[in-house]
Amino acid sequence: MALITQRVDVPVIVDESKCLEKCTACIEVCPLDVLAKNPETGKAYMKYDECWFCLPCEKECPTNAITVQIPFLLR
Amino acid sequence: MNTQWMKTDVLIVGGGTAGTMAAIKAKQANPQGDVLILEKANIRRSGAIAMGMDGVNTAVIPGNSTPEQYVREITISNDGILNQKAVYQTGKLGFEVIQELESWGVKFQKDAQGEYDLKQVHRVGKYVLPMPEGKDLKQILTRQVKRHKARVTNRVMATRVLVKDGRAIGAVGFDVRNGDFVVIQAKAVVLCTGASGRLGLPASGYLYGTYENPTNAGDGYSMAYHAGAELTNIECFQINPLIKDYNGPACAYVASPFGAYTANAEGNRFISCDYWSGQMMLEVWKELNSGKGPVQLKMTHLDEDTIAEIETILWANERPSRGRFHEGRGENYRTHGVEMNISEIGLCSGHSASGVWVNEKAETTMPGLYAAGDMASVPHNYMIGAFVFGRLAGTNAVDYIADLEHIEPDAEFLEAEKTRIYAPMTRPNGVPHTQIEYKLRRLVNDYLQPPKVDNKMKIGLRNFERYQETLDLMGARDPHELMRCMEVHFIRDCAEMAARASLYRKESRWGLYHYRVEYPEKNNEEWFCHVNLKKDSSGEMFLFKRPVEPYIVDVDIETEVYDVAVR
């Protein structure tokens, strides 16, 4: 099977200047488990484009580092 | 790959509305017993009420309504096909649920006299109880689960119920983060995995832009089927009037008691009642197809204070991103109606009637297997019904296991299931689950979205059968992708059930939910019955008529026909 990687506009935006390296609050509450840590920076990012724009990640972030946009296709 | 073995008395699969309540009630019934919730997300924010709920839709509060009146109302709005004894439980026990939730800190709206402030949304009775401060519901339930010392295993997805000697003896699945194979032995299993909410493809084309929490992929429908339990009313689809593109509730249940209403493009009412029923959906479909659309939820005539209050409720609870959706389009309730659309299809007894067959004790037809919540076939059961049936399942499961011992699962079955689960991992360059899922759900739209056409559904069915082989092309690169792959297996099973059940019932019923072009009339003489399905001994899907249980509340369904059309 031949595969390519496509660019996708993702809904969950993380402000890296505010994201805490040792905190996993957003990752733990995401129902779809789409958030992960960048192993190099320790910052959270949206690893999989599978978002219900439900907002627990944004609400539970202790530093308000997360903004959830409505996914582009619905916006 | 590691294998984790676990053992518990009562295993609850899914820690949402019904599952958390089932665990709490099982522990209350026997504090010494071991109860385990298995959850593929995290119970703090999982299921349909991950972000709370803006109101109770089926509150039968003494002095306002009676369980008998409620049963009548649901009997008529579900065109007579229901087990009244099961629906009666929601009417009878719902008030106790509300009182218990209140004792845990959940807030319900009260009037100046301190009485529950019930609103009328249904055709006759008042059953809607607003919860403007309902956003923390799930955290409150999570706290109670811990307080009652029920165990929780998050991020493990169940794929099959284990069955031996004709009863449910546990479940099998995998850890969606580290990929471990997980086997859980239990004396009873309660399935509470929510709706089949990822069945049709949303018009936006975004796989996860669903009405239901998209983690709810029909897991329990599929697992109960493969365990040998009966499912029912599958042809009674869930189709909702939703905010176009956003695909969430607008929400008329909240806004209509304040004076909002559903209108056509001219601003005229065409339905007299905003309560969701198949017949109401048929009226919406007709309006949209008559050139009088688009249909809107109209609030522009309301005063500023009222609109501000509606916004406070809608933008803090259930689907709080509604606010930013409208904002992004430069629209608001003062100046614009909310454009509504007909959703893609799903299966969900919380709103319509399709689910795993349960009786008034939350028992499925498989000994030791219970079901509750959106996946259990108690029509129009909503959140309070999920709590009530979670409670019944938890309590009755504890009674059932009193003299039971654990049974060793069949080693051959475990090996075969392990091979089935991990197959996509052996094909890291296989077709991505996103493409496999997109095409499957697009086929569901093409062939199953009502009005239902005989030949189209037959083509659909052939496609869904052949899709078994397509699933074998799917590849996964990590346990997370594997989770989505196994969900596509559930979706395929639900699509096949939806096609077969729809073809089997040769009449129209439940308005748009089962509107068949070739059989446009309701036919009570031949089809006043459930259509049930199960896996037969040769592994084939077998459909049959199941009589409606004798009514306990008298309703003449020939004369009392649901109709909310404004003519």
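Here the structure is a predicted model, which is why all the values come from computation and not from measurement. A, B, ... follow the sequence lines: proteins, then strands. Residue 1 opens every chain.
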For this session: For the pair A:Asp49 and B:Tyr208, evaluate side-chain hydrogen bond (donor to acceptor under 3.5 Å, both in side chains) and give the outcome as yes or no after the intermediate values.
Result: CA-CA 9 Å; A:Asp49 178 24; B:Tyr208 314 94; over 6 Å; no

Problem set entry | Residues, nucleotides or ligands: over 12 heavy atoms within 6.0 Å of B:Lys107 NZ | no

For this session: Answer yes or no: is there a donor N or O on one side and an acceptor on the other, between the side chain of B:Ser321 and the main chain of A:Phe53, under 3.5 Å?
Result: yes

For this session: Give the member of B:Lys40, B:Lys244, B:Glu39, B:Arg44 that has the highest number of heavy-atom pairs under 4.5 Å with chain A.
Result: B:Arg44

Problem set entry | SB check B:Arg177 A:Glu28 (cutoff 4.0 Å) | yes

For this session: Tell me, yes or no, whether the heavy-atom count around B:Glu327 atom CD, taken from other residues, nucleotides or ligands under 6.0 Å, exceeds 12.
Result: no

Exercise. Does any non-hydrogen side-chain atom of B:Pro432 lie less than 4.5 Å from one of A:Leu3?
Worked result: yes

Exercise. B:Lys138 and A:Val29: side-chain contact (heavy atoms from CB on, under 4.5 Å), yes or no, with the steps?
Worked result: CA-CA 11 Å; B:Lys138 206 62 206 296; A:Val29 294; over 6 Å; no

Exercise. Which one, B:Asp245, B:Leu207, B:Asn213, leads in non-hydrogen pairs under 4.5 Å with chain A?
Worked result: B:Asn213

For this session: Give the minimum heavy-atom separation between B:Gly47 and A:Trp52, together with the two atoms involved.
Result: O-CZ3, 4.4 Å

Exercise. Among B:Ser46, B:Pro214, B:Pro202, which has the most heavy-atom pairs under 4.5 Å with chain A?
Worked result: B:Pro214

Exercise. Quick one: what part of B:Thr210 sits under 4.5 Å from any heavy atom of chain A, side chain, backbone, both or neither?
Worked result: both

Problem set entry | Any A:Lys59 side-chain heavy atom under 4.5 Å of B:Lys135 side chain | no

Problem set entry | Over all atoms of both residues, closest heavy-atom pair of B:His480 and A:Asp33 | CE1-O, 3.0 Å

Problem set entry | Largest heavy-atom contact set with chain A, pairs under 4.5 Å, which of B:Arg319, B:Met51, B:Glu318 | B:Arg319

For this session: Please flag which part of B:Gln139 lies under 4.5 Å from any non-hydrogen atom of chain A: side chain, backbone, both or neither.
Result: side chain

Problem set entry | Heavy-atom pair count under 4.5 Å with chain B, highest-scoring of A:Cys30, A:Cys51, A:Cys54 | A:Cys51

For this session: Examine whether an atom of B:Arg155 lies under 4.5 Å from a heavy atom of chain A, and if so say whether it belongs to the side chain, the backbone or both; otherwise answer neither.
Result: side chain

Problem set entry | Heavy-atom contact with chain A under 4.5 Å, split by part of B:Asp478 | side chain

For this session: Assess whether atom NZ of B:Lys439 is packed by more than 12 heavy atoms of other residues, nucleotides or ligands within 6.0 Å.
Result: no

Problem set entry | Toward chain B: residues of residues 67-75 of chain A with heavy atoms under 4.5 Å | A:Val68, A:Ile70, A:Pro71, A:Leu73, A:Leu74, A:Arg75

Exercise. Is A:Glu50 close to B:Met483 at the side-chain level, that is, under 4.5 Å between some pair of heavy atoms?
Worked result: no

Problem set entry | A:Pro31 versus B:Thr215, closest heavy-atom pair with distance | O-CG2, 3.2 Å

